[in-house]
Amino acid sequence: MISQDCLHDALSYGKCFTGLGQPADYIPELARVNKHQLGVSIVKLDQEILNEGDYDRPFTIQSISKLVSLILALHDRGGEYLFQDKVGVEPTGDPFNSIIKLETKTRPFNPFINAGAITVASCIDGRDTEERFARFLTYIRHLCNNESICLNENVYLSEKSTGDRNRALAYYLKASGILEGDVEDCLDFYFRMCSVDVTALDIANLSAVLANHGTNPFTGETLIEPSCAKALRALMLTCGMYDGSGRFAMKVGFPAKSGVGGGIAAVVVDQMGIGVYGPALDEKGNSIGGIKILEYLAKKLDCSLF
Ligand SMILES: NC(=O)CC[C@H](N)C(=O)O
């Protein structure tokens, strides 16, 4: 049983580590935060919610958005096609924005590295970027139980004007026949989906849907097909923390997805969704304080899958 005191202690433990990391600065707008911010939310499947610290401070979702775009693309194209022709399901052991395997392999290794996520973004239906992003926003608002989620314009423009590495990945993927449609349109959608503002509570709600096999624990509405939720949890466990996924599985032991905005969405199946926020990142681009909070909770609640 998780208590408020236990969550408070987890946050205090996480705070000891925020000084050891740095906010992402390759997207200039992300560097402008206090790196000691730290917050955590837990949404239990019995509808109890627990919050601590900076749980309601907005930050950009960044790579956690790759969960949402993957669900949309799986809905539009089906898993047979997507995981056969477009993107694999294996970890890379390389950094999230690596380009090195693109020339030697036919398709990106998994949907959570940037190359894979940009490919997945190109497989989402819609007349234009506006319509695709409107679908994304509507859906993420449902998943997070928050109708006010919207784009952070400053981060979007910052990312768009400095995203040459992602541009390089996208044009390479287009030249290889993997990426569908117009490259700049696809990148524009990708930069937007990464620049949506959320809170730790929002991503705890999203994680709770995954913990509940795709059903919103508050409304009973099925938002994700159970088989799709299962595939996502498996990918989160093996690839969700990039080249830190193995160590995270060892130390924490449940599915999670990080973003360079400092968020981590974590799933304790049949029990709860956890959202953490701490913008100080380790060398892999994962929240340092966030990982420590999850380590603490995994141990205290004895909820590692292993
Ligand atoms: N790891 C991340 O959160 C990366 C997402 C970021 N928008 C990028 O494309 O570089």
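Atoms within each ligand, like the ligands themselves, are counted from 1 in listed order.
A cation-pi geometry, defined here as NZ or CZ lying under 6.0 Å from the six-membered ring centre and within 45° of its normal, does not hold between Lys86 and Tyr81. Relative to the ring axis of Tyr13, Lys292 does not place its NZ or CZ within 45° and under 6.0 Å from the centre.
Atom NE2 of His36 is surrounded by more than 12 heavy atoms from other residues, nucleotides or ligands within 6.0 Å. Other residues, nucleotides and ligands place more than 12 heavy atoms under 6.0 Å from the NZ atom of Lys160.
Ion pairing of Arg132 with Asp125 is absent here, as no side-chain N (NZ or NE/NH1/NH2) approaches a carboxylate O to less than 4.0 Å.
Classified by interplanar angle (parallel below 30°, tilted 30° to 60°, perpendicular above 60°), the ring pair Phe96/Tyr242 is tilted.
Residues of the protein with a heavy atom under 4.0 Å from ligand 1 are Tyr26, Gln62, Ser63, Phe96, Asn114, Glu159, Asn166, Tyr190, Cys194, Tyr242, Gly259, Val260, listed by chain and number.
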